[in-house]
Every structure is written in C-alpha cells, then in structure tokens.
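First up is the structure itself, then whatever we jot down about it.
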Amino acid sequence: MKLRYAMVCSSNQNRSMEAHFLLKRQGFDVSSYGTGAHVKLPGPSLREPNVYDFGTPYKQMFDDLRRKDQELYKRNGILPMLKRNSTVKLAPQRWQDNAADGSFDVVFTFEEKVFDMVVEDLNNRDHVLMKTVLVVNLEVKDNHEEAAIGARLTLDLCQEIEAAESWEESIDDIVAAFEKQHRRKLLYSISFY
C-alpha cells in the first residue's frame, strides 16, 4: 500500500521537517505543514522570537539570521536546521491553506494543540470525497534531539501502517503495539475528506 503522509507541527520548522526529511529519504510520499499564525524561531531571548510569514523561503530566513547573529544561531542549531529544511522544500507551508495539495491518508502531529487544530480544520472542510484520513499525535518536545527521536518513531509507525493490509481495520492493534514497545501514548482520530 502506498499512502500519502503529512507531518504537522506549529511552525513547519523542526518536528514536522525532521520527520519530513527522514520519511522522504526513505521513499515515502510526504508533505509537511505548520498550524500557527506565523512561523516563529527562537531569538536572542524568549521575548524576542524571530517571526516570519508562512511562505518565506528557508534560505531567506537562514540569510537573515546569519546576518543578525551567526554565532548564536549556529550554536543553538537554528542555522543547520534551516539549511536542512531548504534541502527538503522551498518554504514552510500552513496546514489550513493546503486544500490545493489534495488529500492525505495519514496526518502526524507532534503536539496535542496542533492535533486539535488539524482535526477541527478537517471537520470544518466540505467532505466531498468521503475518504478517510487517520490523524495521529505523537507528543514530541520542540528541540532538535527530541525531534530526531520523534522522526524515527514516526518512521516506525508509518512502516507499520504501510505494511497493514487495511489500516482502518488494524489501527487499534498497531497503536497498542507501538505504545507498548515505545512506552509512548498516542492520540488518534479518523476524519474525512
């Protein structure tokens, strides 16, 4: 079975892009998005984040932050992350604006607030295709180390879903086995396109 996957976090920078990068390398049909109003990256302090519009190219953000304080953004991992992101796609995209990208079979989120926003958005769309979509939340802290672990766990889960003859019939067993093996709780919901 060849399914279409979407990876979604808040800013389409770290967690969703780490998973997008890994799944793409493994040959999956994958896209990624953010649900926030803007793209936010850490700044010199918590009160001073760097804020960009969705659609701003990763390369442009990279150049901007390198110009502002190359040492800081290299040390905190933001420049290497943006460099990786620019090898995957041009710019961060917003989930709520993705209707033209077509339907997905499985959507992964990495934070409960994002999961709720994706499910709500899907429920508010016109359900013309009546095609099922599985939405799964794997809680992942928003730092580089956890994003790498979360991406590997997401890949494992995607491989299990891919291997199933019908994920609709086996998702409960797939989730239970994953939770037992990795000692991580998953939230999931089935919506429609």
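Because only heavy atoms are used, hydrogens play no part in the values below, and waters and symmetry mates are left out as well, while side chains stay in.
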Exercise for the section: Decide yes or no for Leu65 and Ile78: does some side-chain heavy atom of the first lie under 4.5 Å from some side-chain heavy atom of the second? Expected result: yes
Open item on the list: Count I, L, V, M, F, W, Y as connected when their side-chain heavy atoms are under 4.5 Å apart, and connections chain through other members. Are Leu186 and Val135 then in the same cluster?
Closed with: no
Using the rule given for side-chain contact (heavy atoms from CB on, under 4.5 Å), can you reason through Thr56 versus Val39, listing the C-alpha separation, both sets of side-chain angles and the distance that settles it, and then say yes or no? CA-CA 9 Å; Thr56 304; Val39 173; over 6 Å; no
- Look at atom NZ of Lys89 and say whether more than 12 heavy atoms of other residues, nucleotides or ligands are closer to it than 6.0 Å. yes
To the nearest 0.5 Å, atom CE of Met7 lies from atom CZ of Arg15 at 13.5 Å
In short, Cys158 meets Leu23 closest at the heavy-atom pair SG-CD2, 3.5 Å
(message) Check this for me, if you would: do Lys68 and Asp64 make a salt bridge, where the nitrogen-to-carboxylate-oxygen distance has to be below 4.0 angstrom?
(response) yes
Partner of Val106 under side-chain contact (heavy atoms from CB on, under 4.5 Å), picked from Leu3, Thr154, Val133, is Leu3
Problem set entry | ILVMFWY cluster, Phe115 and Ile190 together (side-chain gap under 4.5 Å) | no
Output for pair (Leu153 CG, Glu139 CD), nearest 0.5 Å, gives 13.0 Å
**Request:** Determine, step by step, whether Tyr193 and Leu122 satisfy the side-chain contact (heavy atoms from CB on, under 4.5 Å) criterion, reporting the C-alpha distance in whole Å, the side-chain angles of both residues, the deciding distance to 0.1 Å, and the verdict.
**Result:** CA-CA 7 Å; Tyr193 274 104; Leu122 286 167; 3.9 Å; yes
**Asked** Is there a path of hydrophobic side-chain contacts, each under 4.5 Å between heavy atoms of I, L, V, M, F, W or Y residues, that connects Tyr58 with Leu41?
**Response** yes
Heavy-atom donor-acceptor pair, Gln96 side chain to Thr35 backbone, under 3.5 Å: yes
- [ ] Flag yes if more than 12 heavy atoms outside Lys131 fall under 6.0 Å of its NZ atom; otherwise flag no.
- [x] yes
Note to self: Does atom CD (Glu48) have a neighbourhood of more than 12 heavy atoms from anything else shown, all under 6.0 Å?
What the structure shows: yes
Looking at Val8, is its backbone amide N or carbonyl O close enough to the side chain of Thr109 to form a donor-acceptor pair, meaning the two atoms are under 3.5 Å apart? no
Check your understanding: So do the side chains of Lys83 and Phe62 get within less than 4.5 Å of each other, counting heavy atoms only?
Key -> yes
dist Leu79:CG -> Arg84:CZ (nearest 0.5 Å) comes out at 12.5 Å
For Asp105 and Trp167 the tightest heavy-atom approach is O-CZ2, 4.0 Å
Shared hydrophobic cluster for Val136 and Val119 (ILVMFWY, side-chain gaps under 4.5 Å) | no
| query | Does His144 use its side chain to pair, donor to acceptor, with the backbone of Asn14 at less than 3.5 Å? | reply | no
Can Met81 and Met17 be said to form a side-chain contact (heavy atoms from CB on, under 4.5 Å), step by step?
CA-CA 9 Å; Met81 178 187 76; Met17 285 301 289; over 6 Å; no
So CD of Glu165 and OG of Ser170: to nearest 0.5 Å the spacing works out to 9.0 Å
So CG of Asp63 and NZ of Lys59: to nearest 0.5 Å the spacing works out to 3.5 Å
Taking Arg125 first and then Asp121, would you say they form a salt bridge - that is, a charged N and a carboxylate O separated by under 4.0 Å? yes
Q) Is the backbone of Val88 close enough, under 3.5 Å, to the side chain of Lys24 for a donor and an acceptor to pair up by distance? A) yes
Heavy atoms from other residues, nucleotides or ligands near CG of Asn124 exceed 12 (cutoff 6.0 Å): yes
Original post:
Can you tell if the side chain of Ser103 reaches within under 4.5 Å of the side chain of Leu129, non-hydrogen atoms only?
Top reply: yes
Residue pairs meeting ring pair (Phe, Tyr, Trp, His ring centres under 6.0 Å), one or both in residues 7-40, sequence neighbours left out, come to Tyr5-Phe28, Tyr33-Trp95, Tyr33-Phe104
Shortest non-hydrogen pair, Gly43 vs Asn50, comes out as CA-ND2, 3.4 Å
Q: For side-chain contact (heavy atoms from CB on, under 4.5 Å), just list the numbers for Leu187 and Lys185, CA-CA rounded to whole Å, side-chain angles, deciding distance to a tenth of an Å, and then say yes or no.
A: CA-CA 7 Å; Leu187 276 179; Lys185 205 84 183 112; over 6 Å; no
Using only heavy-atom distances, determine whether the side chains of Gln93 and Asn12 contain a donor-acceptor pair under 3.5 Å. no
On a heavy-atom basis, the closest approach of Ser191 and Asn123 is OG-OD1, 3.8 Å
Look at atom NZ of Lys113 and say whether more than 12 heavy atoms of other residues, nucleotides or ligands are closer to it than 6.0 Å.
no
Note: Lys40 and Ser11 closest approach over all heavy atoms is N-OG, 3.1 Å
The side-chain contact (heavy atoms from CB on, under 4.5 Å) partners of Glu160 (sequence neighbours excluded) come to Ile174
Output for pair (Asp29 CG, Arg4 CZ), nearest 0.5 Å, gives 5.0 Å
- Can you tell me if Ser10 and Glu111 form a side-chain donor-acceptor pair at under 3.5 Å? no
Shortest non-hydrogen pair, Arg184 vs Glu179, comes out as O-CG, 3.0 Å
* Asked: Between the main-chain N or O of Glu145 and the side-chain N or O of Asn143, is there a donor-acceptor pair closer than 3.5 Å?
  -> yes
Would you say the side chain of His182 lies within less than 4.5 Å of the side chain of Leu138, judging by non-hydrogen atoms? no
Worksheet item: Among the clusters formed by ILVMFWY side chains lying less than 4.5 Å apart, do Val107 and Phe110 turn up in the same one?
Response: no
